[in-house]
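Owing to the predicted nature of the structure, the values given are computational and were not obtained by experimental measurement. Throughout, residue positions are numbered sequentially from 1 according to the sequence presented.
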Amino acid sequence: MERRSKQIRSAWAWALLILLAQGAMWLAPLLGGTEWAVEADSALMVEEGRKLVALTFDDGPKGKWTTKLLDGLGERGAKATFFVIGAQVADDPDKVRRMIAEGHEVGIHTYDHSTALTDLCRADFDAQVGRTRTLLTELLGDRTFLVRPPYGAIDESVRTWADAPLILWSVDTEDWAKMNVEQEVACILDEVEDGDIILMHDIFPESVEAALQAVDALHERGYYFVTVSQLFEERGIAMEKGKSYSRAPAR
Ligand code: NI
């Protein structure tokens, strides 16, 4: 009898332990600062007065580095915008499908990054921008694909032919030249302000690592990572075709 009641008591103790563990699991996201920021990163949950920033990545998708970046952004709940190279999308269409499925934005860089858009005649411009738009539309459906002109080079022809808003940047990490995680993170943390668009490239391991470290540091500072379109929408700015945009601070 004594033994049996001991067994019952220990069964109750186990049940209580399991309940407590489950409670802690549910409570953790509510108590932990980082987890909470991750939850709130969705633009739909952005409250007025929040600091917003748009991370943008050019020249991808590129194999495992883009995958590592998507994994890291997913873990952190941060959204980003990818200005892709059409030829690389054709080689790896699942990567851009994943971007859209995970709440990121996909825009057009060029088809093969051969030269600045300002150097091109109409036919060659269409072979870079139009061809990439057609490919993305086939993969992702009909939607607005913002255009990031290489080197930020824009002239009247580019404005007229792009058939989309042109997205520049306000924080240039120069990651392609630095190739140094610490320096790139420092650059972002020193320069970033509310409404900024940060330029990086998801084709270098250093850039991917720096971007994820910067997300963690800026989450701590109360920043929320949204796509370029979400940033302008949240700020009440209707982007127009042929116009260029480099940041969207609160007004
Ligand atoms: Ni580029």
Side-chain angles (χ1 to χ4, degrees), residues 41-43 46 49-61 66 69-70 72-73 76-85 99-100 103-110 113 116-117 129 143-154 158-159 162 164-178 184-204 207-208 210-219 221-251:
D41 245 0
S42 154
V46 171
R50 289 267 165 86
K51 288 183 283 188
L52 305 181
V53 65
L55 262 181
T56 65
F57 297 92
D58 290 4
D59 297 2
T66 305
L69 178 60
L70 287 170
L73 292 172
R76 291 161 176 80
K79 305 305 176 202
T81 303
F82 294 85
F83 292 102
V84 296
I85 304 284
M99 288 167 185
I100 293 296
H104 304 295
E105 182 166 14
V106 175
I108 298 165
H109 199 33
T110 55
H113 216 303
L117 296 177
V129 174
R143 59 178 74 210
T144 298
F145 296 105
L146 303 172
V147 172
R148 156 80 45 84
Y151 323 109
I154 295 173
V158 171
R159 287 186 193 281
L166 301 161
I167 307 304
L168 302 176
W169 54 85
S170 49
V171 174
D172 187 354
T173 59
E174 294 188 330
D175 55 340
W176 53 272
K178 287 193 177 83
E184 290 166 36
V185 174
C187 167
I188 294 170
L189 299 186
D190 286 350
E191 290 188 27
V192 75
E193 287 178 42
D194 171 57
D196 271 335
I197 298 175
I198 301 174
L199 170 63
M200 300 191 85
H201 300 79
D202 54 322
I203 59 173
F204 307 120
S207 305
V208 170
L212 296 177
Q213 286 188 20
V215 168
D216 288 337
L218 290 177
H219 268 156
R221 294 188 189 180
Y223 278 88
Y224 291 80
F225 289 85
V226 292
T227 68
V228 170
S229 287
Q230 286 168 342
L231 172 64
F232 284 85
E233 197 182 315
E234 290 292 335
R235 292 288 147 86
I237 299 167
M239 289 190 285
E240 295 172 38
K241 290 180 180 181
K243 287 202 173 165
S244 50
Y245 302 87
S246 55
R247 62 193 304 261
R251 287 183 289 187

Which pair of non-hydrogen atoms, one from [X] and one from [Y], has the smallest distance, and what is that distance?
X	Y	answer
Asp202	Asp58	OD1-O, 3.3 Å
Thr227	Ala80	CG2-O, 3.7 Å
Leu166	Gly242	CD1-O, 3.8 Å
Gly103	Lys79	O-CD, 3.6 Å

With a 4.5 Å cut-off on side-chain heavy atoms, are [Y] and [X] touching?
X	Y	value
Ile203	Trp176	no
Arg247	Glu193	yes
Ile167	Val147	no

Handout entry: By ring-ring contact (aromatic ring centres under 6.0 Å, His included) - contacts of Phe82 (at least two apart)
Key =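 Applying ring-ring contact (aromatic ring centres under 6.0 Å, His included) to Phe82 gives Phe57, His104.
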
Handout entry: By ring-ring contact (aromatic ring centres under 6.0 Å, His included) - contacts of Phe204 (at least two apart)
Key =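 Expected list: none.
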
Exercise for the section: Not counting sequence neighbours, which residues clear side-chain hydrogen bond (donor to acceptor under 3.5 Å, both in side chains) with Thr56? List them please. Expected result: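 Here the qualifying residues are Arg148.
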
Problem - side-chain hydrogen bond (donor to acceptor under 3.5 Å, both in side chains) against Ser207, all qualifying residues, sequence neighbours excluded - result: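 With sequence neighbours excluded, Ser207 shows a side-chain hydrogen bond (donor to acceptor under 3.5 Å, both in side chains) to Asp175, given in chain and number order.
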
State which residues pass side-chain contact (heavy atoms from CB on, under 4.5 Å) with [X]; sequence neighbours excluded, sorted by chain then number.
X	result
Leu189	Val185, Ala217, Leu218, Arg221
Val171	Glu191, Asp196, Ile198
Glu233	none
Ala54	Ile197, Val228, Leu231

My understanding is that only residues two or more places apart in sequence, or in another chain, count here; which of them pass salt bridge (charged side-chain N to carboxylate O under 4.0 Å, His left out) with [X]?
X	result
Asp194	Arg235
Glu174	none
Arg143	none

Handout entry: Whether Ser170 side chain and Ser246 backbone form a donor-acceptor pair below 3.5 Å
Key =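 Side chain of Ser170 to backbone of Ser246, a donor-acceptor pair under 3.5 Å: yes, one is there.
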
What is the distance from atom [atom1] of [X] to atom [atom2] of [Y], rounded to the nearest 0.5 Å?
X	Y	atom1	atom2	value
Tyr245	Leu168	OH	CG	11.0 Å
His219	Tyr224	NE2	OH	7.5 Å
Met200	Asp172	CE	CG	10.0 Å
Asp59	His109	CG	NE2	4.0 Å
Ile108	Ile85	CD1	CD1	11.5 Å

Exercise for the section: Pick out which of Glu105, Met99, Gln230 makes a side chain to side chain contact (heavy atoms under 4.5 Å, CB included) with Thr81. Expected result: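 Among the candidates, only Glu105 passes.
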
Exercise for the section: Verify the ring-centre separation between Tyr151 and His113: is it less than 6.0 angstrom? Expected result: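 Ring centroids of His113 and Tyr151 are less than 6.0 Å from each other.
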
